[in-house]
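Comments concern the structure below.
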Amino acid sequence: MRATTSAAAIFVVVVAATLAVASAKDLFASSANVQKLFGIEKNLGMVIKAYVKAEQQRLDELLRKAEEFSGVVAPQSDLVMQPSDGFNVISRLIDGMHMLESSETAASSIVHAFRDQMDGLLPSREDLQGVAMAFLRLQRTYDVPVTRLLSNGRPQDYLYVGQVAHDQGDWACARLWLMQGLAVANVSTDRAEILIDLYDYLAYAELQLGNMTEALRYSQLLLALSPFHERILRNVQEYRRALQEQAAENQTQGQGQQQQQVQNQVKQQQVQQELQPNYDADNLLGRNATEMENFRRLCRMEQLYKSPHPLTCRLYHYNKPHLFYRPFKVEHVRVGVVNMKVFRDFATPKECQTLKDVAINRLKRAVAFQANVFQPTDFRISTVHWLGEEEHPLVSTINNRIQEATNLNISSAESLQISNYGMGGHYEPHLDHHGERSDDMPDGDRLATFMIYLSPVSAGGATAFPRLGVRVPPSAGDAAFWHNIDLRDNSGNSNTLHGGCPVLAGSKWVANKWFPEGGNTQCPIFKQHSERYPWSPRKAKATPAA
């Protein structure tokens, strides 16, 4: 489109100069004017050449982009994918499609046909925003540097993530991304508007962090590029006035340097507290600060739980002859109010791969029950598919093995849920049981959870229990098992609060199996209640989870 516009501009200038006194409706009536048309014809040849040259430049740029796409080396698999891989491929595809679609040419039908053929597979700006939010989630959870998440990025890439952090109210992360954008920017070659935006957002982030001197400095750098920016001019005046008042106040009070520094630090802390966002972007379910801190510490592989007794590993065959030769290898990772078990090598590598292969083309965005409807949400970023026994014979084999391992009735259990978590994929701390019983739950609440890891994860992706102080790191073939309901009094056990740590690198695959109370009530207390609900009313409420 740019080439067409510039060529058209040349043509308009030439025609206007040649036919300064003629109008289109009377050209034929004057031989003198017709004579001028021969000059225009020559000028039209010049315009066409200019158009071809400009169009060739556009085509050369497209060819350069095509060579760039052709030379990209994809990761061997999603299991070794790095955070920057996802951002870069989405950014490249968005830029490439925008370049193709920004001009209407004779080949536009090819572009439209390609987009139609992809049928929603091409990434959108929402996908890019999702990756940026994943970067920030990983940064807050694992304290990783910007360059670890996005290496060799362009200034506009770091600017974009900084803008997303700004929209979340995370000024500290915004500053880190924006400063990296400045670090890789070249004042002589990069577009001025990118530098202006970097300075603008940095000034605001520094102001929100209580660093008014830095806010003034970045604003002045911006004015060097855009001297007549009215808003920034007003900001600079306000910053100078506030800093002068602060200096005058300190001088009037005659404070010593040390006392002055202490007071300034106190003021800065007060400002930071006042300007902090009233929510945690990674805590949409509203857990308390201690639980979220413990969750993040567990994700960072810090040790929080120390057993009062040595933990044990045992072989279980439950006196079943066919298990004598292949008993379950069970590790007790937590004993007490919640008994947390891990079944080592529960599924073989081939079985794990088969379950992934069956589900991979059927995965859809995970949802949660909110506002009386199931819908995607930011506190759960993954894709899922509920795998029935009719879809593959292996599903029945796995279900029967789970029943033998847990001694729970599989007939009333939910279908096997296959989940895939990509870069930054996570599930905030939640409870698997619903906490309240209704007519929509004929089999009762979720009694127990059995979770199989189907893949290794390069970094991150553990399942963390912040109230228990334990985590279960991902290991392909291993399975975690715990009860959500306390069988002693049939109350919901809120200590089973758990979450999926963000995936820092690679890909996380799990298979979940949930057992309801119905068909699994073995405690005598259950016989004391009505036939409609052969289990006691809930004593602990929980946040609904899908």
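Values below: every heavy atom of this structure, side chains too, minus hydrogens, waters and symmetry copies.
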Under 3.5 Å donor-acceptor pairs involving side-chain atoms of residues 389-396, not counting sequence neighbours:
residue	atom	partner	partner atom	Å
Glu389	OE2	Asn399	ND2	3.0
Glu391	OE1	Arg362	NH1	2.1
Glu391	OE1	His385	NE2	2.9
Glu391	OE2	His385	NE2	3.3
Glu391	OE2	Gly388	N	2.9
His392	ND1	Leu394	N	3.0

Extract all donor-acceptor atom pairs below 3.5 Å that involve side chains of residues 62-70 and protein atoms in other chains or at least two apart in sequence.
residue	atom	partner	partner atom	Å
Arg64	NE	Glu61	OE1	3.3
Arg64	NE	Glu61	OE2	3.4
Arg64	NH2	Glu61	OE2	2.7
Ser70	OG	Ala66	O	2.9

Query raised in the report: Does Lys508 reach the side chain of Asn420, with side-chain heavy atoms less than 4.5 Å apart?
Result: no
Query raised in the report: Are Leu150 and Asp157 close enough, and set up right, to give a side chain to side chain contact (heavy atoms under 4.5 Å, CB included), and what steps lead you there?
Result: CA-CA 9 Å; Leu150 181 59; Asp157 296 332; 3.9 Å; yes
Requested in this report: Begin from the C-alpha positions of Thr449 and Asp432 and carry the test side-chain hydrogen bond (donor to acceptor under 3.5 Å, both in side chains) through to its verdict.
Outcome: CA-CA 8 Å; Thr449 299; Asp432 281 352; 2.7 Å; yes
Report task. Go through the steps to decide whether Gln139 and Asp143 satisfy the test side-chain hydrogen bond (donor to acceptor under 3.5 Å, both in side chains), and finish with yes or no. Result -> CA-CA 5 Å; Gln139 198 171 14; Asp143 295 329; over 6 Å; no
Under a 3.5 Å cutoff, is there a donor and acceptor pairing between the side chains of [X] and [Y]?
| X | Y | value |
| --- | --- | --- |
| Asp167 | Gln163 | no |
| Ser91 | Arg154 | yes |
| Gln56 | Asp60 | yes |
| Tyr453 | Thr463 | yes |

Requested in this report: Evaluate ring pair (Phe, Tyr, Trp, His ring centres under 6.0 Å) for Trp177 paired with Phe135, printing each intermediate quantity in order.
Outcome: CA-CA 10 Å; Trp177 285 90; Phe135 281 164; 5.5 Å; yes
Query raised in the report: Is the number of heavy atoms from other residues, nucleotides or ligands under 6.0 Å of Gln375 CD greater than 12?
Result: yes
Query raised in the report: Considering residues, nucleotides and ligands other than Met97, do more than 12 of their heavy atoms fall under 6.0 Å from its CE?
Result: yes
Spatial distance of atom [atom1] ([X]) from atom [atom2] ([Y]) [nearest 0.5 Å]:
| X | Y | atom1 | atom2 | result |
| --- | --- | --- | --- | --- |
| Leu176 | Leu136 | CG | CG | 10.0 Å |
| Leu387 | Leu355 | CG | CG | 6.5 Å |
| Leu298 | Thr141 | CG | OG1 | 12.0 Å |
| Asp78 | Trp509 | CG | CH2 | 7.0 Å |

Query - Centroid-centroid under 6.0 Å between His426 and Tyr421 rings - result: no
**Report entry** Backbone N/O of Thr147 and side chain of Ser151: donor-acceptor pair under 3.5 Å
**Finding:** no
Requested in this report: Would you confirm whether Asp85, through its side chain, and Gln82, through its main-chain N or O, come within 3.5 Å as a donor-acceptor pair?
Outcome: yes
Report task. Verify salt bridge (Lys or Arg N to Asp or Glu O under 4.0 Å) between Asp280 and Arg287, making sure each step is shown before the conclusion. Result -> CA-CA 10 Å; Asp280 182 345; Arg287 304 301 172 190; over 6 Å; no
Query - salt_bridge(Glu55, Arg58) N-O dist < 4.0 Å - result: yes
Query - Test disulfide bond (SG atoms under 2.5 Å apart) applied to Cys173 - qualifying residues, sequence neighbours left out - result: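 For Cys173, no residue satisfies disulfide bond (SG atoms under 2.5 Å apart) once neighbours in sequence are set aside.
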State, to 0.1 Å, how close [X] and [Y] come at their nearest heavy-atom pair, and which atoms those are.
| X | Y | answer |
| --- | --- | --- |
| Leu304 | Asn294 | CD1-O, 3.8 Å |
| Pro502 | Cys299 | CD-SG, 4.3 Å |
| Pro155 | Ala185 | CG-CA, 3.7 Å |

Requested in this report: Please determine which of Glu214, Gln208, Glu206 meets the side chain to side chain donor-acceptor pair (under 3.5 Å) test together with Arg175.
Outcome: Glu206
Query raised in the report: In terms of the angle between their ring planes, are His498 and His430 parallel, tilted or perpendicular, with boundaries placed at 30° and 60°?
Result: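 Plane angle between 30° and 60°, so tilted.
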Report task. Test Glu414 against Arg446 for salt bridge (Lys or Arg N to Asp or Glu O under 4.0 Å), laying out the working first. Result -> CA-CA 9 Å; Glu414 299 177 38; Arg446 284 174 169 171; 2.8 Å; yes
Requested in this report: For salt bridge (Lys or Arg N to Asp or Glu O under 4.0 Å), just list the numbers for Glu293 and Arg300, CA-CA rounded to whole Å, side-chain angles, deciding distance to a tenth of an Å, and then say yes or no.
Outcome: CA-CA 11 Å; Glu293 177 59 23; Arg300 294 192 292 266; 3.6 Å; yes
Query raised in the report: Please walk me through it: do Gln168 and Arg140 pass side-chain hydrogen bond (donor to acceptor under 3.5 Å, both in side chains)?
Result: CA-CA 12 Å; Gln168 290 186 343; Arg140 288 186 287 259; 3.2 Å; yes
**Report entry** Test applied, ring-ring contact (aromatic ring centres under 6.0 Å, His included); reference residue, Phe450; option that passes from Phe346, Trp514, Trp482
**Finding:**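 Result for ring-ring contact (aromatic ring centres under 6.0 Å, His included) with Phe450: Phe346.
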